[in-house]
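Computed from a predicted model, the values in this text were never measured in an experiment. The sequence lines fix the lettering, A, B, ..., with proteins before strands; numbering per chain opens at 1.
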Protein chains: 2
Amino acid sequence: MSDLLERLRRRGWRMTAQRRVVAEVLAGEHVHLTADEVHARAAARLPEISRATVYNTLGELVALGEVIEVTTVKRAKTYDPNAHRHHHHLVCVRCGAVRDVYPTGDPVSDLPSSERFGFTVQEAEITYRGLCPGCSAG
Amino acid sequence: MSDLLERLRRRGWRMTAQRRVVAEVLAGEHVHLTADEVHARAAARLPEISRATVYNTLGELVALGEVIEVTTVKRAKTYDPNAHRHHHHLVCVRCGAVRDVYPTGDPVSDLPSSERFGFTVQEAEITYRGLCPGCSAG
DNA sequence: TCCTATGCTAGACAATATCTAAGTCGGCTG
DNA sequence: CAGCCGACTTAGATATTGTCTAGCATAGGA
């Protein structure tokens, strides 16, 4: 989205072809990509982009809060561009598919203070696990 | 604990010095260790134990349901020996400390069917994030 | 005690992520 | 609108984590 590029520019990001392509790859598909997948898609448009730049750019987007890093059981982290609406994840234990979901209720309020051990709890993130329609049918 | 060793023996595990040491390391400290940390502690007692054996043994313990694999933001997976009481995790975003916690309520029931997208939901795992007493004081 | 399948080892390999040194370029200044 | 500077990018080396292989060792049953 040009929204994203706009916000980044306003935050003093120097706009380069590489950063633009990475941001566009993420904003274009609302799915969870690994760094390598982002690199592959970015390289399709800008063949000489290096892996290091993709990693750097993803790291910056995460630091700016524009993208969320999601760690599942798979080895590689994935990057979720849906950072502006707080949500949780539903993961297929068979094929690894991920969906963003919006449960009701607030898990933080379900953690009694006796279970907080002096921590200042900021947020909670729920990972639902199960089988996706394709995998439970198979 | 010999509890754990007992259960493993009953399940037909061939008991070797290496497996005993790995199981003891996990059962001894109720903390979340990475595979490398398990290897280091195991090697303190049995110097020639190899990394492959530690990985294999941890994988078997996970498959047997005696240990849970926990993936946090850190790169390496950690192994949680508290597998027999379903629980969630409270993580310090600064220092990475992890506590097992038992919230009230059932997150699975908070996911309406309109948010399940045809998935068969089996379980939910909550990661609470915040600052531990030491880090919020600093 | 002996045998055999299972387990162990070192080290190679694979996958993911970060670092480094040198070259490039966005965008401010004049 | 040209020059400059520091932020950005690059290729490739390196680090970290995890898996595989081939041959040796051994637990535990006969």
Side-chain angles (χ1 to χ4, degrees), chain A residues 5-6 8-26 32-64 66-80 96, chain B residues 5-6 8-26 32-64 66-80 96:
Chain A
L5 294 178
E6 227 7 84
L8 294 173
R9 221 189 313 264
R10 275 202 297 271
R11 298 209 217 179
W13 239 36
R14 180 183 286 189
M15 194 49 58
T16 67
Q18 290 85 353
R19 288 175 166 184
R20 189 171 0 250
V21 167
V22 170
E24 284 172 358
V25 165
L26 284 172
H32 301 67
L33 300 174
T34 64
D36 247 27
E37 289 164 348
V38 171
H39 178 241
R41 284 165 172 71
R45 300 209 223 168
L46 192 67
E48 70 280 18
I49 192 171
S50 79
R51 290 184 325 113
T53 296
V54 171
Y55 277 104
N56 287 341
T57 305
L58 288 172
E60 287 158 13
L61 287 169
V62 170
L64 289 173
E66 293 290 346
V67 163
I68 293 172
E69 220 173 64
V70 179
T71 310
T72 61
V73 282
K74 305 182 62 177
R75 280 193 43 190
K77 293 175 200 160
T78 59
Y79 293 88
D80 179 350
Chain B
L5 293 178
E6 228 6 85
L8 293 173
R9 221 188 313 264
R10 274 202 299 270
R11 297 209 218 178
W13 238 36
R14 181 183 284 188
M15 194 50 57
T16 67
Q18 292 83 353
R19 288 174 165 183
R20 194 178 348 259
V21 166
V22 169
E24 285 171 359
V25 165
L26 283 171
H32 301 66
L33 299 174
T34 64
D36 246 27
E37 288 164 348
V38 172
H39 178 242
R41 284 165 171 71
R45 301 210 222 166
L46 192 67
E48 70 281 16
I49 193 172
S50 79
R51 291 188 323 117
T53 296
V54 172
Y55 277 104
N56 287 341
T57 305
L58 289 173
E60 287 157 12
L61 288 169
V62 170
L64 289 173
E66 293 289 347
V67 162
I68 293 172
E69 218 174 65
V70 178
T71 310
T72 61
V73 283
K74 305 180 63 178
R75 272 185 57 184
K77 292 174 199 158
T78 59
Y79 293 87
D80 179 350

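Of all heavy-atom pairs between B:Ala76 and B:Thr34, the closest is CB-CG2, 4.0 Å.
The separation between A:Arg75 atom CZ and D:dT16 atom C1' is 9 Å, rounded to whole Å. Counting to the nearest Å, the P atom of D:dG12 and the CG atom of A:Asn56 are 17 Å from each other. For B:Glu60 and D:dG18, the CD to P distance is 16 Å, given to the nearest whole Å. For the pair B:Glu37 CD and D:dG18 C1', the interatomic distance rounds to 15 Å; values are reported in whole Å. Regarding A:Lys77, its NZ atom lies at a distance of 12 Å from the C1' atom of D:dT17, rounded to whole Å. Atom CG of B:Asp36 and atom C1' of D:dG18 are 10 Å apart (whole Å). To the nearest angstrom, P of D:dA25 lies 18 Å from CD1 of B:Ile49.
A donor-acceptor contact shorter than 3.5 Å is absent between the side chain of A:Thr57 and the backbone of A:Arg19.
Take the nearest nucleotide of DNA chain D for B:Trp13 and for A:Arg19: the residue whose nucleotide is more 5' is A:Arg19. Nearest-nucleotide positions on DNA chain C place B:Thr53 closer to the 5' end than the other of B:Thr53 and A:Tyr79. Each of B:Ala76 and A:Ala52 has a nearest nucleotide on DNA chain D; the 5'-most of these lies closest to A:Ala52.
Within the 4.0 Å cut-off from OP1 or OP2 of D:dT10, at least one side-chain nitrogen or oxygen of A:Gln18 is found. For D:dG12, neither phosphate oxygen OP1 nor OP2 lies less than 4.0 angstrom from any side-chain nitrogen or oxygen of A:Ser50.
Nucleotides of DNA chain C lying under 4.0 Å from heavy atoms of chain B occupy a range whose first and last members, 5' to 3', are C:dA5 to C:dA17.
Looking at heavy-atom distances under 4.0 Å, A:Thr16 makes contact with sugar-phosphate atoms alone, never a base. Using a 4.0 Å heavy-atom distance criterion, A:Arg51 is classed as a base contact.
Between B:Glu60 and B:Arg11 there is no salt bridge, since no side-chain nitrogen of the basic residue lies less than 4.0 Å from a carboxylate oxygen of the acidic one. Contact check on B:Arg41 versus B:Glu37 returns no salt bridge, with no Lys/Arg side-chain nitrogen under 4.0 Å from an Asp/Glu carboxylate oxygen.
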Apply the test side chain to side chain contact (heavy atoms under 4.5 Å, CB included) to residues B:Val22 and B:Ile49: give CA-CA distance (whole Å), side-chain angles for both, the deciding distance (0.1 Å), then the verdict. CA-CA 10 Å; B:Val22 169; B:Ile49 193 172; 4.0 Å; yes
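Residues A:Glu66 and A:Leu8 form a side-chain contact, since some pair of their non-hydrogen atoms from C-beta on lies under 4.5 Å apart. A 4.5 Å side-chain heavy-atom check between A:Tyr79 and A:Leu61 finds every atom pair outside the cut-off.
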